[in-house]
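The next block holds one structure in the form of structure tokens; read it before the comments.
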Amino acid sequence: MKKCGEPASKTLLFCAARLQITHSLRCLLGHLQLLSHPRNLSDLPITSADDRKVSVCWSPQKWSRFHNIWLRDHCRCPQCFHSVTKQRLVNTFEIPPDIKPVHVHSTAEGLEVIWPTAATELHSSLYPWSWLRSNSYDPPIHPISQSSDKILWGSKIDKSPPTIAYEEAMGEDDRGLYKWLSLIDSFGFCFVTGVPPTPEATEGLSERIGFIRETQYGKFWEFTSDLAKGDTAYTTMALGAHTDNTYFTDPCGLQLFHLLSHTEGSGGATLLVDGFYVASIMKELHPELHSLLSSVPIPAHAAGEPTALYRPNPSSGYPVLGHDALTKELMQVRWNNDDRSVMSHLDPSSVEDWYKAIRTWHKLLTSHDSEYWIQLTPGTVLAVDNHRVLHGRSAFDGKRRVCGAYIGVDEYRSKFSVLREKFEHGLVSQPQQHGSDRHAETRSVWNSAL
Ligand SMILES: [Zn+2]
């Protein structure tokens, strides 16, 4: 450990902190110093500490500050963070609120911080540079958003809809499964072709993604137009574009459909509409109506069965367009006008505007530019992101057998994350702590999701 007075540039900078020079000036001085001594030219960020914060200087114009208490709380050494379970071990509430480093130091591996402890020995924390940078909050340094992979679409998607072959999706090494989920993530839906037209094969395909979510319609469901479940889905009526489960607090994330057979009749084309695409048009053309759809909660119910009465919690429901509170990004579309309950909580002054908003939304949803119609045939499974893409169908006659499944949004997202980790980033091996082979390969404690 270097002490003040040692002839290393970074140590001099650390000493400068004690002279109350501002972080920015110190940062600039540090870089000038490095430039004037090419021998020391290094890409290591320059660090300094004061009573409350540690500053990391990425470049003369760019630095991040981290509160001492925040850094100590986020130590991921084996005593502070369980490397296998990825759970916090440090007792946050035993950290002195005014804790400050004994020493900070730039190393090739990251920022090293030496902390005082209640005992005589010191505690050393090491934070990788990339981790500090991606978790910078003062100021926030935004990484390239992964959700920017989303491709919005209208009716022209019929020229080349996202499709994968059953053999590929079922492939043993999971690469095909990853491709399938990536297509669903990008487009909000994907066809799987060449699936044996049986409930068993469809159920097997669904379970590739994760646990099937059991609901009032069953686990793996199969329906004909017999009104077996007190829902219009079980009739031959046309169904407008909607998302499922608006009456749930947590609507299912994915749904899979498979038309197994259609005999003695015709009709029953499938309709898909990209809710994110329509929302983007709404935002562009009618920002004030878009904002009503994003803020007015809509109550809903599923009450066709005497033994069940589903309503979201809170019962006032959720807006049509749900956004991430932090990034303001659109996260979820909920829309089923048929399942809507009494709008008893509307602000009297916005009743007419709200009806105007849903009328405009409906008009855009049902425009030729938005609607993608497809006649499904046995052997093709349709997987839909129920938080984004609305589905519907035209009326039909004859006998139609459809089977399918719901998969919870967390289930689907977990599988997608694991596969992305596997195929995009690779797993980082961790030293063994508990001698168990089961954890021979595991994710890093610095994984961006933790
Ligand atoms: Zn620690």
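Both ligands and their constituent atoms are indexed starting at 1 by order of listing. Count residues from 1 along the sequence.
- With rounding to the nearest 0.5 Å, the separation of CG in Asp50 from OG in Ser55 is 6.5 Å.
- Between His74 and Phe66, the ring centre distance reaches or exceeds 6.0 Å.
- Protein N/O/S atoms found under 2.8 Å from the Zn ion (ligand 1), listed by chain and residue number: Cys75 SG, Cys77 SG, Cys80 SG, His123 NE2.
- A search for side chain to side chain contact (heavy atoms under 4.5 Å, CB included) contacts involving Asn447 returns Glu421, Arg443, Ala449, Leu450, not counting sequence neighbours.
- Between the side chains of Thr327 and Asp324, at least one donor N or O lies within less than 3.5 Å of an accepting N or O.
- For Glu167, the salt bridge (charged side-chain N to carboxylate O under 4.0 Å, His left out) test picks out no residue, with sequence neighbours left out.
- Taking Lys219 as the reference, Glu207 meet the salt bridge (charged side-chain N to carboxylate O under 4.0 Å, His left out) condition, with sequence neighbours excluded.
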